[in-house]
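Everything numeric in this text was worked out from a predicted model, so none of it was measured. The analysis underlying the following values was restricted to heavy atoms, covering all of them including side chains, and did not include hydrogens, waters or symmetry mates.
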Amino acid sequence: MTEDFWNRQMQFSTILPEFAAYLDRMAAESAEYSLGRAFDRKAYGQEARQWVEWTHGSGTGDLLPVVIHGGYWRALRAEDHRFMLAGFGALGATVANLEYRLMPGVRLDHCVRDAQDGLRCLAERFVGKRLVLIGHSAGAHLAVSSLADPGIAARTAGVIALSGVYDLRPAAQSFLQAELNLTEQEVATHSLAPRAGRPPVLYVNGSAETYEFLRGSALMASAGRAGWRVLPDADHMTLTWAATAHAKALCAEMLAL
């Protein structure tokens, strides 16, 4: 069956035996990073998940790294991805984290608009800073999608897109469809394709990822100011730690595109 094929590409709770342990590790390391650290939070909407937060980074200069978490648009929390702020915080004096509403409670259009509204909020708060968007999985889709807004694109130095979902047709034919109920219009509107005119985007994968995620990033890197980097031995989940450990090198590569 077609669904079985796409599940073998995308259903990481069964593909990765340590999937649950990875989620526990994310939460534990994020809690450890948060101990004794001050976070400022600002709402960009009326709903509970419509907020951005920021804390001190360890870098200098005019870059403001912003982490956008994954979870196939329908799961996970920004607080449990604070562990990524440790490494990407080296890119600037401030590092930010963006939360958004989840499907199926809202539609995909709302998720994209939340990412854009959150980024506008940060751009207004940190005048003079250039955004570096770091999105993982669905967060990579939201990061690249946000560049469709000219104002956000103008303020964005570039994107580090970690194992993103760009072609939504496989998602609509996988186990996700029972939860997301993607319409044909949503798939057509929110699928992404390679094109010129975007700020620089470095698409990043792990060498142990499934074919569909490698294919998707390689295709997206085929046009415009774009590149593709494969980090050895990382899978879809451990890529978050691998990329965090190589944050400075990945940012430098992205800025050089």
With distance as the sole test, does [X] use its side chain to make a donor-acceptor pair with the main-chain N or O of [Y] at under 3.5 Å?
X	Y	answer
Ser222	Leu219	yes
Ser207	Pro232	no
Ser174	Ala171	yes
Ser191	Ala188	no
Gln50	Glu47	yes
Arg8	Glu3	no

Return each pair, listed once, that meets ring pair (Phe, Tyr, Trp, His ring centres under 6.0 Å) where at least one residue sits in [range]; pairs must be two or more places apart or across chains.
range	result
residues 26-50	none
residues 141-165	Trp73-His141
residues 237-257	Phe83-Trp241

**Request:** Inspect the surroundings of CD in Gln177 and state if more than 12 heavy atoms from other residues, nucleotides or ligands are less than 6.0 Å away.
**Result:**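 Atom CD in Gln177 is crowded, with more than 12 foreign heavy atoms closer than 6.0 Å.
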**Asked** Of all residues at least two apart in sequence or in a different chain, which pass the salt bridge (charged side-chain N to carboxylate O under 4.0 Å, His left out) check with Asp109?
**Response** Arg113
**Request:** For Arg74, enumerate each residue passing the salt bridge (charged side-chain N to carboxylate O under 4.0 Å, His left out) test, keeping only those at least two apart in sequence or located in another chain.
**Result:**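 Only Glu179 meet the salt bridge (charged side-chain N to carboxylate O under 4.0 Å, His left out) criterion with Arg74.
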**Residues in side-chain hydrogen bond (donor to acceptor under 3.5 Å, both in side chains) contact with Ser34, at least two apart in sequence or another chain** = Arg82
**Item:** Residues forming a side-chain hydrogen bond (donor to acceptor under 3.5 Å, both in side chains) with Asp62, sequence neighbours excluded
**Value:** Arg130
Gap separating the [atom1] atom of [X] from the [atom2] atom of [Y], nearest 0.5 angstrom:
X	Y	atom1	atom2	answer
Leu142	Asp114	CG	CG	9.0 Å
Arg120	Ser146	CZ	OG	8.5 Å
Asp24	Met26	CG	CE	10.5 Å

**Item:** Residue list, ring-ring contact (aromatic ring centres under 6.0 Å, His included) with Phe126, at least two apart or on another chain
**Value:**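 Scan of Phe126 (ring-ring contact (aromatic ring centres under 6.0 Å, His included), adjacent residues dropped) gives Trp54.
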**Request:** Could you name each residue pair satisfying side-chain hydrogen bond (donor to acceptor under 3.5 Å, both in side chains) that touches residues 90-100, not counting sequence neighbours?
**Result:** Arg49-Glu99, Glu53-Asn97, His69-Glu99
**Asked** With sequence neighbours left out, which residue pairs that include part of residues 155-166 fulfil the side-chain hydrogen bond (donor to acceptor under 3.5 Å, both in side chains) condition?
**Response** Ser163-Glu209, Ser163-His236
Below 3.5 Å, can you tabulate the donor-acceptor pairs from side chains in residues 249-257 to any protein atom, sequence neighbours excluded?
| unit_1 | atom_1 | unit_2 | atom_2 | d |
| --- | --- | --- | --- | --- |
| Glu253 | OE1 | Arg229 | NE | 3.1 |
| Glu253 | OE1 | Arg229 | NH2 | 3.3 |
| Glu253 | OE2 | Arg229 | NE | 3.4 |
| Glu253 | OE2 | Arg229 | NH2 | 3.0 |

Do the non-hydrogen side-chain atoms of [X] and [Y] ever get within less than 4.5 Å of each other?
X	Y	answer
Asp40	Thr55	no
Asp80	Leu23	no
Ile134	Met84	yes
His81	Leu76	yes

**Request:** Quick one: which residue pairs count as a salt bridge (charged side-chain N to carboxylate O under 4.0 Å, His left out) with a foot in residues 233-247, not counting sequence neighbours?
**Result:**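 Every candidate salt bridge (charged side-chain N to carboxylate O under 4.0 Å, His left out) pair involving residues 233-247 fails, so no pair, neighbours aside, qualifies.
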